[in-house]
Amino acid sequence: MAIVKPSLAKGTRDFSPTEMEKRDYIFHTLKTVFTKYGYREIQTPSFENLQTLTGKYGDEGDKLIFKILNSGDYLAKAPADLLTERASTPLTPHISEKALRYDLTVPFARYVVMHQHEITLPFKRFQIQPVWRADRPQRGRYREFYQCDVDVVGSESLLNEAEFILIYHEALTNLGLMDFTIKLNNRKILSGIADVLGKPQLLVPMTVAIDKLDKIGVEGVDRELLERGFSDEDLEKLRPIMQLEGPVAVKIDQLKDTLASSAIGMRGIDEIEIVLGYVEKMTAHTDPLNRFIDLDITLARGLNYYTGCIFEVKTNEVTMGSIGGGGRYDDLTGMFGLKGLTGVGISFGADRIYDVMEELELFPTSTVQSTRVLFSNFDKLTELYALPLLQKLRGAGVAAEIYPASAKLKKQLAYADAKKIPYVVLIGEEEIQSGVFSLKDMQSGEQRKLDELKLFTFLTS
RNA sequence: GUGGGUAUAGCUCAGUUGGUUAGAGCACUAGAUUGUGGUUCUAGGGGUCGUCGGUUCGAGCCCGAUUAUCCACCCCA
């Protein structure tokens, strides 16, 4: 076989032991919080039927789905005319019937429909799995990355939205983040704004444009709005709402004035107030979350399916895109024929949270230590002598290993050092004869002699 | 899909207006130290200079193409 230069597929990453330990720490912390709020974990397959995924993410999204070529002679059954025309798009369903999952929401919707008779509503689930996108990779964006989704279906209550704010706060705080903002918006407020401008049909272009405010500034947004069919008059009206400042309560009051004539807009404001009211009640015995919450009407996100509340989380400690987002989507399962089921959910961007924590040095040192004690190995005799105690320690739950060959002590200690193993037990002729073990503390360099019982007690405590 | 940068040792990168045998740091191996790591010192191994073509007496360096990769835009987490 020809030797190929080892390389990673574009946009993918290896996770080495230290990285895995840190990633697991994040996932474990998140799971603990999710579970505490009554969410249960599910997993779905890494690939789905292509039909399940296509048409759910828009034309752009469809292009970014990784398709899996059919097995066998996949061109044999393909229509000849499509082949001669090289018509890729219509040809695709003939040569591919499976695709890697693009997100966790659509597989979840499929799951709910298929398992509707065994789940009880409201159904609260979380899911932590990789997803794949044939996107062009760049900083903080990969072709394989993990999503951590928490959703509830079958409950209209805004209590869910309020709990998501608490989940965000609790999870991120537990991970050590101190300063972040949970941005809130509501699709109905955006609809209301479009109504007030008299251009409800331009809702989507409008939100796409104002979503870019912090990126391209007021002039950029204005330019884009004009291109998309808004008048100078509209811009005059829009500008003050777009740039609302101050406490949430003040923003709400101003929005009420502006949107007074729009029933749907007022309902959106109402929803925000209810959610914030719930949050206030739930934090009655703890610190208020006001400083973490902001109302940002430029927040749009995947507007295609959100119908109510919209969330986005940003850290203020380092420069980074959003580290989480979510929202309310009515009719989550309609695309699979189950109508009228509402859902609301949020997602944590684990990869980005990892980068933030790395930069802020928030990982506890204990996550990077695996083995607690290494037994040295000088020859067959000392090797055999160590085995009973080695296994006894493992039996007591202590991560222990023996150097698997007789090598120079220098090498064995270097191994312990590289693996950050805190203790090394030295066993040589001298130790066998006297019946005590030499225990070396790798951090201080100190060495002392202990009998088996004392050694065992020390390492298990 | 659009635009820009980069490509030299396992990794991060130097390499002068084109001029002998292409370098450094880290990592690795060995020794200084036959039972003592993380510090230090010494030595050693390791390169089709991404690939193909062109210019030139001569190309790691200049030109063209190509591939890979990174960054930005669109979009998104």
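Residue numbering restarts at 1 for every chain, and letters A, B, ... go by the order of the sequence lines.
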Check this for me, if you would: do A:Glu227 and A:Arg223 make a salt bridge, where the nitrogen-to-carboxylate-oxygen distance has to be below 4.0 angstrom? no

Would you call A:Asp222 and A:Arg239 a salt bridge, using N to O less than 4.0 angstrom? yes

It should be established whether A:Lys408 places a side-chain nitrogen or oxygen under 4.0 Å from OP1 or OP2 of nucleotide B:G31. yes

In whole angstroms, how far is the [atom2] atom of [N] from the [atom1] atom of [X]?
{"X": "A:Asp351", "N": "B:C76", "atom1": "CG", "atom2": "P", "answer": "18 Å"}
{"X": "A:Lys410", "N": "B:U39", "atom1": "NZ", "atom2": "C1'", "answer": "12 Å"}
{"X": "A:Gln138", "N": "B:C76", "atom1": "CD", "atom2": "P", "answer": "13 Å"}
{"X": "A:Lys314", "N": "B:C76", "atom1": "NZ", "atom2": "P", "answer": "16 Å"}
{"X": "A:Leu381", "N": "B:G35", "atom1": "CG", "atom2": "P", "answer": "15 Å"}
{"X": "A:Leu104", "N": "B:C76", "atom1": "CG", "atom2": "C1'", "answer": "15 Å"}
{"X": "A:Ile310", "N": "B:A77", "atom1": "CD1", "atom2": "P", "answer": "12 Å"}
{"X": "A:Asp135", "N": "B:C75", "atom1": "CG", "atom2": "P", "answer": "12 Å"}

For B:G1, does the base pair up with any side-chain atom of A:Glu60 as donor and acceptor (N or O, under 3.5 Å, distance only)? no

Using a distance-only criterion (donor-acceptor N/O pair, under 3.5 Å, no hydrogens), is the base of B:G37 paired with the side chain of A:Asp417? yes

Around atom CD of A:Gln243, are there more than 12 heavy atoms of other residues, nucleotides or ligands at under 6.0 Å? yes

Gap in Å between the two [atom1] atoms, one belonging to [N] and one to [M], rounded:
{"N": "B:C52", "M": "B:G45", "atom1": "C1'", "result": "31 Å"}
{"N": "B:A65", "M": "B:G5", "atom1": "P", "result": "13 Å"}
{"N": "B:U12", "M": "B:U69", "atom1": "C1'", "result": "16 Å"}
{"N": "B:C62", "M": "B:U55", "atom1": "C1'", "result": "8 Å"}
{"N": "B:C70", "M": "B:U33", "atom1": "C1'", "result": "46 Å"}
{"N": "B:U8", "M": "B:G15", "atom1": "C1'", "result": "9 Å"}
{"N": "B:U20", "M": "B:G37", "atom1": "P", "result": "44 Å"}
{"N": "B:A22", "M": "B:G50", "atom1": "P", "result": "15 Å"}

Identify whether any heavy atom of [X] sits under 4.0 Å from a base atom; if not, whether one sits that close to sugar-phosphate; answer base, sugar-phosphate or nothing.
{"X": "A:Tyr146", "value": "nothing"}
{"X": "A:Gly445", "value": "base"}
{"X": "A:Ala416", "value": "nothing"}
{"X": "A:Glu446", "value": "nothing"}
{"X": "A:Gln412", "value": "nothing"}
{"X": "A:Glu144", "value": "nothing"}
{"X": "A:Lys440", "value": "base"}

Does A:His115 have any side chain to side chain donor-acceptor pair (under 3.5 Å) partners at least two apart in sequence or in another chain, and if so, which? A:Glu118

Tell me which nucleotide among B:U36, B:C74, B:C70 gets nearest to the side chain of A:Lys212. B:C74

Compare the minimum distances between each of B:A32, B:C76, B:G35 and the side chain of A:Arg133, then state the nucleotide with the smallest one. B:C76

So what does the secondary structure string of RNA chain B come out as, 5' to 3', with Watson-Crick or wobble pairs under 3.5 angstrom, [ ] for crossing and | for pairs with another strand? (((((((..((((.....[...)))).(((((.......))))).....(((((..]....))))))))))))....

Under 30°, 30 to 60°, or over 60°: which ring-plane class applies to [X] and [Y], parallel, tilted or perpendicular?
{"X": "A:Tyr423", "Y": "A:Phe458", "answer": "perpendicular"}
{"X": "A:Tyr168", "Y": "A:Phe311", "answer": "perpendicular"}
{"X": "A:Tyr415", "Y": "A:Tyr403", "answer": "perpendicular"}

Which comes earlier along RNA chain B counting from the 5' end, the contact point of A:Arg136 or that of A:Leu413, where each point is its nearest nucleotide? A:Arg136

If you assign A:Ala414 and A:Arg352 each to the RNA chain B nucleotide with the nearest heavy atom, which residue ends up on the more 5' nucleotide? A:Ala414

Across all chains, not counting sequence neighbours, the ring pair (Phe, Tyr, Trp, His ring centres under 6.0 Å) partners of A:Tyr146 are A:Phe27

May I ask whether A:Tyr415 stacks on the base of B:G37, given the cut-offs of 5.5 Å between ring centres and 30° between planes? no

From CE (A:Met357) to CG (A:Leu177), nearest 0.5 Å: 7.0 Å

At their closest point, which heavy atom of A:Ile26 faces which heavy atom of A:Ala350, and how far apart are they? CD1-O, 4.2 Å

